Amino acid sequence: MSLHWALICHGLITLTIVVSFLCGQWPIFQGTPISSIHRFLTFGAYQYFLRFIGAVFGDRGTNLILSVEYYCCDRPNPILQLIYLAIIGTTYYIIVKTSFSYIPGYYLSEVHRYASSLAVAVGILLFLVTSFSDPGTVKADNVSRYLSAYPYDNIIYTEKECPTCKIPKPARSKHCSLCNRCVARFDHHCGWMNNCIGERNTRYFLAFLLWHFLLCIYGTIAIGLVLAGRLKELQIVHVLTVYYGVDNSLRSLAPYVVQTFKWQDYISWQKKLIEARASTAALKANIAGMTTEGKPRESKCKSFFRQSLLQDTEAIVKKNVYDKGFFHNLYEVVFPVSTRASFLHTKSKSG
């Protein structure tokens, strides 16, 4: 019984930490222990650590920690790449050691041994391709082609020069301070890839994300089928219902099948979540009523002209010359401008 409660406490503590780290800044958690834990995990713990290092080792120790932080967060480095490889390698190793002995099983054939290996290998391949591919570096010898491919709209992007590279900046490009280069159609610098995501490798990055999303779904379903197969093969449900008199329902069987999960706690949490959402909606409605209360009603004529002006303003703001429709934008991601024959042809003309 003590082990049972220890596992429950461990699960609740883990859940609290995860929720606090990911959601602690949400307004619904303001003034609660969740918000305090979030501040401690994201900011406070590091500050206390720096104070401890300073008290024990002095300024030399603090400067060493800050230099490590600078290298990890503000300079190109392979640390997150190694962490990714460690995560996916360790996870797959655990799955192999714990689940492969049950494959083939009642619901899964032996092919999933090889399919899972192939799926993980493809994910790592996409990771490596994204990490080491050129994101679309803008240099003096190709800047004229990028200027032709991505013209200025004179609203968001205007003609200017990169103060670091000393070359014109094509529209939608940006100088990455981490990589120290200008990148065409810059999206962001990805620490996990140790590379910029730009015009030439956005397709690989999106493929990496999509593949890992599908890989997580595949792994979840496969592990669920392994568990379901074991329940079927060992006739656990039959034994519990026939010999021990447990009701044949999820509510009755769940505590026996998954010892670390409490169904009543889940139901209680769902009720609190629904109540919190209802309270938030009511608060928003009250605030909206307070802001409009006491204001003189506008005449229909004034409200009409006000609405028309707003509509015209929205129409101007929404006019984006770079938005050419979903399918054309997708085509531009899959087949970047710099990989097309027309882009190379521009080079020969300018040369």
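Quantities reported herein were computed from a predicted structural model and do not represent experimental measurements.
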Worksheet item: Does K160 have any side-chain contact (heavy atoms from CB on, under 4.5 Å) partners at least two apart in sequence or in another chain, and if so, which?
Response: T158, K169
Worksheet item: Who pairs with S36 by side-chain contact (heavy atoms from CB on, under 4.5 Å), at least two apart in sequence or on another chain?
Response: R39
Worksheet, complete the sentence: Applied to residues 14-47, the ring pair (Phe, Tyr, Trp, His ring centres under 6.0 Å) test, sequence neighbours excluded, yields none
Worksheet item: Got a sec, which pairs hit ring pair (Phe, Tyr, Trp, His ring centres under 6.0 Å) with one end in residues 131-158, sequence neighbours left out?
Response: Y146-F343, Y157-Y322
May I ask whether [X] and [Y] are part of the same hydrophobic cluster, defined by side-chain heavy atoms of I, L, V, M, F, W, Y residues being less than 4.5 angstrom apart, directly or through others?
X: L82; Y: L128; answer: no
X: F213; Y: F208; answer: yes
X: L118; Y: F100; answer: yes
X: L50; Y: V56; answer: yes
X: V120; Y: V111; answer: no

So do the side chains of [X] and [Y] get within less than 4.5 Å of each other, counting heavy atoms only?
X: P135; Y: R200; result: no
X: V183; Y: V138; result: no
X: S116; Y: I95; result: no
X: V333; Y: L206; result: yes
X: N201; Y: D134; result: no
X: L147; Y: V143; result: yes
X: F49; Y: I65; result: yes

[atom1]/[X] to [atom2]/[Y] distance, rounded to the nearest 0.5 angstrom?
X: N77; Y: R75; atom1: CG; atom2: CZ; result: 9.5 Å
X: L215; Y: L210; atom1: CG; atom2: CG; result: 11.0 Å
X: L85; Y: I124; atom1: CG; atom2: CD1; result: 6.5 Å
X: Y107; Y: L227; atom1: OH; atom2: CG; result: 10.5 Å
X: T130; Y: I197; atom1: OG1; atom2: CD1; result: 6.0 Å
X: I34; Y: I17; atom1: CD1; atom2: CD1; result: 10.0 Å

Do any N or O atoms from the side chain of [X] and from the backbone of [Y] form a donor-acceptor pair under 3.5 angstrom?
X: S148; Y: S144; answer: yes
X: D153; Y: I156; answer: yes
X: N180; Y: S177; answer: no
X: S99; Y: V96; answer: no
X: S35; Y: T32; answer: no
X: T339; Y: F335; answer: no

Please name the pair of heavy atoms, one in [X] and one in [Y], separated by the smallest distance, quoted to 0.1 Å.
X: C165; Y: C182; answer: SG-SG, 3.7 Å
X: G24; Y: Q30; answer: O-NE2, 4.4 Å
X: V337; Y: A149; answer: CG1-CB, 3.5 Å

Worksheet entry | Distance-only polar pair, side chains of E199 and S338, donor-acceptor under 3.5 Å | yes
Can you sort out the partners of [X] under side-chain hydrogen bond (donor to acceptor under 3.5 Å, both in side chains), two or more places apart, ordered by chain and number?
X: S131; value: Q81
X: R181; value: N195
X: S117; value: Y92

Fill in: Pairs involving residues 47-68, ordered by first then second residue, that meet side chain to side chain donor-acceptor pair (under 3.5 Å) (sequence neighbours left out)
none
Worksheet item: Quick one: side chain to side chain donor-acceptor pair (under 3.5 Å) pairs with a partner in residues 203-224, sequence neighbours left out?
Response: Y84-H212, H112-Y218
Practice prompt. If a pair satisfies salt bridge (charged side-chain N to carboxylate O under 4.0 Å, His left out) and one of its residues is in residues 329-344, list it, with sequence neighbours excluded.
Written response: R172-E332, R185-E332
Discussion item. Counting only heavy atoms not in E69 (residues, nucleotides, ligands), do more than 12 fall under 6.0 Å from its CD?
Written reply: yes
Fill in: side-chain contact (heavy atoms from CB on, under 4.5 Å) evaluation trace for Y71 with I79
CA-CA 10 Å; Y71 173 78; I79 292 178; 4.0 Å; yes
Item to complete: Quick one: list whatever passes ring pair (Phe, Tyr, Trp, His ring centres under 6.0 Å) with F57, sequence neighbours left out.
Response: none
Worksheet entry | Pairing residues for F52 by the ring pair (Phe, Tyr, Trp, His ring centres under 6.0 Å) criterion, not counting sequence neighbours | none
